[in-house]
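Structure, as structure tokens:
None of these values were measured; they are calculated from a predicted model. Quick note on labels: first sequence line is chain A, next is B, and so on, each numbered from 1.
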Amino acid sequence: MVTSNQAPTLSAESQAQIDRELAKYPADQRRSALMSALRIAQVEHRWLSNELIAVVADYVGVPPIAAMEVATFYNMFDRAPVGRHKITVCTNLPCALSGGYKAADYLKQKLGIGFNETTADGKFTLKEGECMGACGYAPVLLVNNHSMCNHMTPDAIDKKLAELE
Amino acid sequence: MTVYVKGVVFEGVDFDDPKHWGIEAYMARGGYTALKKILSTGMTQDEIIAEMKTSGLRGRGGAGFPTGLKWSFMPRSFPGQKYLVCNTDEGEPGTFKDLDIIVDNPHALIEGMIIGGFAMGITVGYNYIHGEVFEAYERFEAALEEARAAGFLGDNILGTSFCFQLHGHHGYGAYICGEETALLESLEGKKGQPRFKPPFPASFGLYGKPTTINNTETFASVPYIIREGGQKFLELGKPNNGGTKLFSVSGHVNRPGNYEIPLGTPFSELLEMCGGMRDGKKLKAVIPGGSSAPVLPADIMMQCTMDYDSISKAGSMLGSGAVIVMDETTCMVKALERLSYFYFEESCGQCTPCREGTGWLYRVVHRIEQGLGRPEDLDLLLSVGGNIAGRTICALGDAAVMPVQGMLKHFRSEFEHHIEHKQCLVPGF
């Protein structure tokens, strides 16, 4: 029988990062580090499978359901595979007034995909985002959750896409 | 872009210096002297809180609650652990001031929190930072390291018996966590669903312990108030609206950005500072305090000054100071449709009126925008809104309703046109 159901693991580096987060909270409040721990696991594995969520829960020391609740409540967690680069475009009103939809349309046309889709080569996933708190820099994109890109005109988008491997 | 005109948060910051955010630059412009003053002169907790009350500083996160009064609610003699929390979970559409504070002047916030900890007898603090601005979270963590290394944070600060630990904590995408009790739940590692109040955080907060929560800009204003005196801060603004404020201006202006100006500055002057309307278009409307604030038409807005009382008298609210400017090409149906979708998307689902009602509001505005609206839809929107507002645990429900009410109050004819002609009166975006 062919099986690939090995439980995912957390690298030593990820574990060290989670330990640093755990140290911020009282010893009996390890759950407070759950959101960081899931973020760190997602950076390592790109998305959060049920198995990975259980591994994180075990490491932090909370029931798997507690980690699942957090993973499903916060929208920067990906519960399904995404491309190597997840691009999230803000289209909320302040961004929309300054070209948010134009940036989104340009990306859709350039990548040939719609929101919540991934390019055939697995390189890019496109998402529509809610307010990122950077409205003065509109239009804004978030690359892989952590890199904010400001003033994303078509030229700036071209440049950014070329940088992403 | 941050534009310093007159104020207390970005005073003296040289944005051209790459290390302007660091501790050396901060100390060179007078940073940490307020903390040193407290610890070296033996200024008491009561004196600090009195100074905060004198300043007239009101919470800069949106509610505008007097900070000195809030600090006085903390049971200072409580025997167990207490917590100080900063709310940098800035996700109200239009607001981006706290982002610039932690990126460009994080030590003002750190010093303000240390002083808050001293004044209320608290030894541990957390700063909860919006997940989407992760690089700003990393900047804040770097600033914390600097403050620890300099002896301003940790045990026996500056050789006294005062200890204060401060940590960064990031969200990961949930507007609701800007609501203070949802933030506490989230900080405890749970879904960010608001708690019933009472009990208030001052008696039952983080981990069930007494907790004081303030906004980033509020804390960042504290060092100035202690250094220069509450009276001087008060006089920067106008009575009942003490001090200066950061206004995040977005939308159809030539130079969007954060503008630090005295409270009471006329809106028309702020608009001029922003380089006026983009492409010379005419001003149509302004949302003066973040997406939850009711919209105001141009003629009313141009009569307003930028402070709590003036905007409130005009029928809206100053909120977080997020000013969304819309020109004559903006379709108000489309604008409301986008905002209504936001509240529908971000409702945490805990209370039925909000969970179901925000979706209902969105679907009705959406069908009007799609040309499928019915004449009775406008009354339906008001009726649904009336059954959400005031019937939920937190204010997200009210926040979803206020934009609808504001739009229908001032731009009802545009919605009627949309329903009758099945298209926009103006192109929109």
Side-chain angles (χ1 to χ4, degrees), chain A residues 20-21 23-26 28-39 42-43 60 62 66-78 88 90-102 127-138 140 142 144-148 150-151, chain B residues 1 81 89-96 98-100 124 126 130-136 138 165 167-175 177 186-193 207 248-252 256-258 278 287 291 322 324-327 330 334-335 338-339 341-342 345-346 348 429:
Chain A
R20 279 201 289 279
E21 296 297 329
K24 294 176 178 176
Y25 310 100
D28 60 348
Q29 300 291 348
R30 292 172 63 91
R31 188 174 179 175
S32 282
L34 197 46
M35 195 141 55
S36 290
L38 287 166
R39 183 254 306 165
Q42 178 167 289
V43 168
V60 174
V62 297
M68 184 61 86
E69 280 190 356
V70 169
T72 52
F73 188 84
Y74 298 91
N75 65 29
M76 289 165 71
F77 290 121
D78 292 307
T88 312
C90 178
T91 60
N92 207 308
L93 180 62
C95 272
L97 296 172
S98 292
Y101 281 106
K102 288 188 186 83
K127 296 261 182 188
E128 184 172 26
E130 284 303 341
C131 187
M132 298 167 184
C135 323
Y137 307 101
V140 291
L142 200 55
N144 292 332
N145 292 325
H146 296 169
S147 172
M148 179 86 73
N150 300 330
H151 304 299
Chain B
M1 187 180 73
Q81 186 67 58
D89 192 27
E90 182 177 53
E92 170 91 357
T95 316
F96 49 96
D98 299 335
L99 166 66
D100 281 359
V124 180
Y126 293 98
H130 196 49
E132 284 85 343
V133 294
F134 195 78
E135 289 151 317
E138 292 175 320
Q165 313 287 344
H167 303 286
H169 178 105
H170 67 76
Y172 226 55
Y175 168 68
C177 293
S186 183
L187 190 45
E188 292 181 3
K190 302 171 191 163
K191 293 186 285 184
Q193 292 190 318
Y207 310 130
S248 304
V249 186
S250 65
H252 292 140
N258 285 310
R278 198 196 298 161
I287 300 175
S291 63
I324 306 171
V325 178
M326 295 178 276
D327 73 17
T330 313
K334 218 176 236 181
R338 187 61 188 86
L339 291 180
Y341 180 78
F342 170 73
E345 166 75 24
E346 297 294 338
C348 80
F429 41 74

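- Of the listed residues (B:Val249, B:Leu187, B:Asn258), the one with the most heavy-atom contacts under 4.5 Å to chain A is B:Leu187.
- Heavy atoms closer than 4.5 Å to chain B are found in the side chain of A:Leu142, but not in its backbone.
- Within the 4.5 Å cutoff, the side chain of A:Val70 has no heavy atoms near those of the B:Lys190 side chain.
- A distance of 5.0 Å separates CE of A:Met76 from NE2 of A:His146, quoted to the nearest 0.5 Å.
- Ranked by heavy-atom pairs shorter than 4.5 Å toward chain A, the options B:Arg278, B:His252, B:His167 are led by B:His167.
- Proximity to chain B involves both the backbone and the side chain of A:Phe77, based on heavy atoms less than 4.5 angstrom apart.
- In this structure, no portion of B:Asp98 lies under 4.5 Å from any heavy atom of chain A.
- The line from CD1 of B:Ile324 to OG of B:Ser248 is 9.5 Å long, rounded to the nearest 0.5 Å.
- In this structure, chain A has a heavy atom under 4.5 Å from the side chain of B:His130, while its backbone stays farther away.
- For a residue to count as touching a neighbouring chain, one of its non-hydrogen atoms must lie under 4.5 Å from one of that chain's; by this rule B:Val124 does not touch chain A.
- Each of B:Met1, B:Met326, B:Glu92, B:Glu90 has some count of heavy-atom pairs under 4.5 Å with chain A, and the biggest count is that of B:Met1.
- Interface remark: A:Thr91 contributes backbone and side-chain atoms alike to the contact with chain B (heavy atom separation under 4.5 Å).
- Both the backbone and the side chain of A:Ala134 come within less than 4.5 Å of a heavy atom of chain B.
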Item to check | Verdict with reasoning, A:Phe73 to B:Tyr172, per ring-ring contact (aromatic ring centres under 6.0 Å, His included) | outcome: CA-CA 9 Å; A:Phe73 188 84; B:Tyr172 226 55; over 10 Å; no
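- Residues A:Glu21 and A:Ser36 come closest through the heavy atom pair OE1-OG, 3.3 Å.
- For B:Cys348, the parts lying near chain A are the backbone and the side chain together; criterion is any non-hydrogen pair under 4.5 Å.
- Of the atoms belonging to B:Tyr126, it is side-chain heavy atoms, and not backbone ones, that fall under 4.5 Å from chain A.
- The parts of A:Leu97 that come within reach of chain B are both its backbone and its side chain, each placing non-hydrogen atoms under 4.5 angstrom from that chain.
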Checklist entry - B:His170 and A:Arg39: side chain to side chain donor-acceptor pair (under 3.5 Å), yes or no, with the steps? => result CA-CA 10 Å; B:His170 67 76; A:Arg39 183 254 306 165; 3.0 Å; yes
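- In terms of non-hydrogen atom pairs under 4.5 Å with chain A, the most contact-rich of B:Gly91, B:Gly171, B:Ser186 is B:Ser186.
- With rounding to the nearest 0.5 Å, the separation of CG in B:Leu99 from CD in B:Glu132 is 11.5 Å.
- Aromatic ring centres of B:His169 and A:Tyr25 lie closer together than 6.0 Å.
- Among B:Tyr175, B:Tyr207, B:Phe342, the residue with the largest count of heavy-atom pairs under 4.5 Å with chain A is B:Tyr207.
- Residues A:Cys95 and A:Val140 form a side-chain contact, since some pair of their non-hydrogen atoms from C-beta on lies under 4.5 Å apart.
- For B:Thr330, the part sitting under 4.5 Å from any heavy atom of chain A is the side chain, from C-beta outward, and nothing else.
- Ion pairing of A:Glu130 with B:Arg338 is present here, as a side-chain N (NZ or NE/NH1/NH2) and a carboxylate O approach within less than 4.0 Å.
- Contact annotation for A:Ser147: both backbone and side-chain heavy atoms come within less than 4.5 Å of a heavy atom of chain B.
- Ranking A:Met35, A:Lys102, A:Met148 against chain B, the residue ahead of the rest is A:Met35, based on heavy-atom pairs under 4.5 Å.
- Nearest heavy atoms, B:Pro93 versus B:Ala322: O-CB, 4.5 Å.
- Within the 4.5 Å cutoff, side-chain heavy atoms of A:Leu93 are placed close to those of B:Ile287.
- Only the side chain of B:Glu345 comes within less than 4.5 Å of a heavy atom in chain A; its backbone stays farther off.
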